[in-house]
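Shown next, in structure tokens, is the structure this report addresses.
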Amino acid sequence: MSSSPVDATTTSAWADLTKHSEALQPDLRGWFATDPGRASRFSFEAADLYVDLSKNLLTDEVLTSLLELAEEVGVTQRRDAMLAGDHINVTEDRAVLHTALRRPAGQPLTVDGQDIDHDVQAELAKMYAFAEKVRSGEWTGVTGLPVRTIVNIGIGGSDLGPVMAYEALEPYVAEGLRARFVSNIDPTDVAQKTADLDPTTTLFIVASKTFGTLETLTNARLAREWLLRSLVAAGAIEDTEEGRRDAVAKHFVAVSTALDKVAAFGIDPANAFGFWDWVGGRYSMDSAIGTSLAITIGPDKFAELLAGFRAMDEHFATAPLAQNVPVLMGLLNVWYVNFRGAHTHAVLPYAQQLHRFAAYLQQLTMESNGKSVRWDGSPVTSDTGEVFWGEPGTNGQHAFYQLIHQGTRLIPADFIAVAQPAYPLVDTEGDGGAVAAGADVHGLFLANFFAQTKALAFGKTADEVRAEGTAEALVSARVFSGNRPTTSILAPALTPSVLGQLVALYEHITFVQGVVWGIDSFDQWGVELGKKLALEVAPAVAGDESALAAQDASTAALITKYRELRG
Ligand code: F6P
């Protein structure tokens, strides 16, 4: 499917949306006051998620035109092409089939002449069997001790998904097991993460789709060096080639699509878990890239995670567009970016366990949709790719919410919460005032979620401020304009399934936006130039004078200064 994208800006829906936007006087107070059905009409369910869009700058006319836009640009057709394995990643001539990682087993799906269902199930079974061996203690380190710490070495999609999910699902991690994640080539990362580890009970997973990423391979070599040095120092192995080989075989496994490079690194391909070029790095946490997770939470919980992804996939694939939550949320994002001038989008989980969710979404959304050309190589015809960012509530309330409430920028925000806390603590004492003795702290936490979305939507008028007795000179500083849009997402609990649903929701939102903009959301050529230049600059940093002379004046001066400071 390499035909040119429809130019969304030439559609009649785009013209309608432009008119709607010009005419729109946002008035969430008035809209709620005069329309008792607004909350229920704009609230939806997708798998276990309850999604309230009613506090958005959305009217029935806008929604109708957004849905027409989806029809006119062919969201449904492109979705179906993706699910069928068409090469919709045009610039890399690849299928895009992260959804195949979580399809029900036993439903053949032939892609490029290969039954990928068979391949997916076989690799999953291999990963699960390995996870069980580690969990049961059957897999041991070189001295016969069971594994206690798993260190995942990867970056980007080979790190952000696993670490986000590990933090989110921490209550499910088996006692006595833990994971750590090394990603940065700053040597501090590997140094700090290995400092207190016992090498005899540590298993490294080198996770890299390409097995050619500078950071990951450098960190893997540093980790191997640390392992061997520590084992020798502890008298756990002989300092011989055989001793070292045995140690690496028991303490290093790999996840990659490039098994030949895994072997060249010295890891036995029998201890490597594969995936495929039709899984993008940022869409890969549910492939063998999740091996650290499969070990720590166990295959059963990993299977529940996949079931959650699958439930959202099914919703995306089958729900009518007008009730299709990823479609609606993707279209709303287009509305804000292209018609209301939003440059950024906040994601604010009211769940401490989701504290890495925004970081994960930054790669998913921005590496996917930060593009200036369309999939046929022509320039984009509208703005694309807003900046995603966020921190968990309530921490953000005491940091950047000021700007969301009273700043000059429009910042649509997604509020995400679960009803059942992993740690249901009670404040037995209370504060003698608003917080009663015996207060459920999670309830207090979520009161903040609900209050913030109310404050953002409905604000506080000058008359309300005056009615509180505020001196006139201070009134304007205390006014809240309201009409600051939010989406509220509520789930029963942060189970593996709910986490899978949330991730799949944002995968599909990202997809919908990419289709409207006509871009290939599955390549990432924009990361290449910097990688190449780093390798060119490295000799200059290391002291090669001719390489230094080849740099521009600013870069040469910076490198010279660095070398001076470094001594
Ligand atoms: O540099 C960007 C990128 O290619 C991401 O797309 C990818 O997730 C990350 O690097 C890591 O790549 P790999 O898994 O091949 O090491």
Side-chain angles (χ1 to χ4, degrees), residues 88-98 101 123 127 151-166 181-186 189-190 204-224 252-265 267 272-293 356-371 385 388 503 506-507 510-511 514 519-538:
I88 66 160
N89 177 354
V90 177
T91 70
E92 295 179 304
D93 191 18
R94 288 176 183 167
V96 174
L97 275 171
H98 42 279
L101 298 168
E123 212 54 44
M127 177 177 78
V151 181
N152 187 83
I153 302 176
I155 196 164
S158 300
D159 168 74
L160 289 163
V163 69
M164 178 278 290
Y166 177 76
F181 297 84
V182 172
S183 54
N184 202 334
I185 196 171
D186 181 338
D189 203 10
V190 79
F204 291 96
I205 301 176
V206 186
S208 174
K209 180 176 170 182
T210 54
F211 227 77
T213 302
L214 177 71
E215 291 89 337
T216 300
L217 293 189
T218 306
N219 279 329
R221 284 192 299 274
L222 292 176
R224 183 171 56 187
F252 270 82
V253 299
V255 183
S256 186
T257 56
L259 298 182
D260 50 334
K261 293 187 185 163
V262 169
F265 182 84
I267 297 175
F273 307 94
F275 61 116
W276 306 271
D277 69 3
W278 40 259
V279 183
R282 54 194 174 273
Y283 297 85
S284 67
M285 62 168 272
D286 48 341
S287 71
I289 286 292
T291 299
S292 54
L293 199 59
R356 294 294 290 162
F357 195 59
Y360 167 76
L361 285 186
Q362 286 187 323
Q363 187 200 14
L364 175 66
T365 56
M366 291 158 73
E367 205 172 70
S368 295
N369 286 342
K371 313 276 166 72
F388 278 77
V503 174
Y506 280 91
E507 287 178 348
T510 304
F511 172 84
I519 57 185
D520 182 343
S521 299
F522 303 99
D523 62 12
Q524 58 283 321
W525 298 105
V527 301
E528 295 304 325
L529 180 59
K531 285 186 194 172
K532 185 166 170 283
L533 291 183
L535 295 179
E536 281 172 28
V537 167

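Counting starts at 1 for both ligands and their atoms, in listed order. Side chains included, hydrogens not; waters and symmetry mates left out as well; all remaining heavy atoms used. Note that the structure is a prediction, hence the values are computed from the model and not measured. Throughout, residue positions are numbered sequentially from 1 according to the sequence presented.
In this structure, Arg224 has no salt bridge (Lys or Arg N to Asp or Glu O under 4.0 Å) partners at least two apart in sequence or on a different chain.
A tilted orientation is assigned to the rings of Phe265 and Phe252, their planes being inclined by 30° to 60°.
Evaluation of the salt bridge (Lys or Arg N to Asp or Glu O under 4.0 Å) test over residues 204-223, restricted to residues two or more places apart or in two chains, returns none.
Closer than 4.0 angstrom to ligand 1 sit non-hydrogen atoms from Ile155, Gly156, Gly157, Ser158, Ser208, Lys209, Thr210, Thr213, Gly281, Gln363, Glu367, Gln524, Val527, Lys531.
Judged purely by atom type and a 3.5 angstrom limit, Glu123 has no side-chain atom pairing as donor or acceptor with the backbone of Ala288.
Evaluated for a side chain to side chain contact (heavy atoms under 4.5 Å, CB included) with Phe204, the options Val253, Val182, Ile153 yield exactly one hit, Ile153.
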With a 3.5 Å cut-off and sequence neighbours excluded, list the donor-acceptor pairs that the side chains of residues 522-531 form with protein atoms.
unit_1	atom_1	unit_2	atom_2	d
Asp523	OD1	Lys371	NZ	2.8
Asp523	OD2	Thr91	OG1	2.5
Asp523	OD2	Trp525	NE1	3.3
Gln524	OE1	Arg282	NH1	2.6
Trp525	NE1	Thr91	OG1	2.9

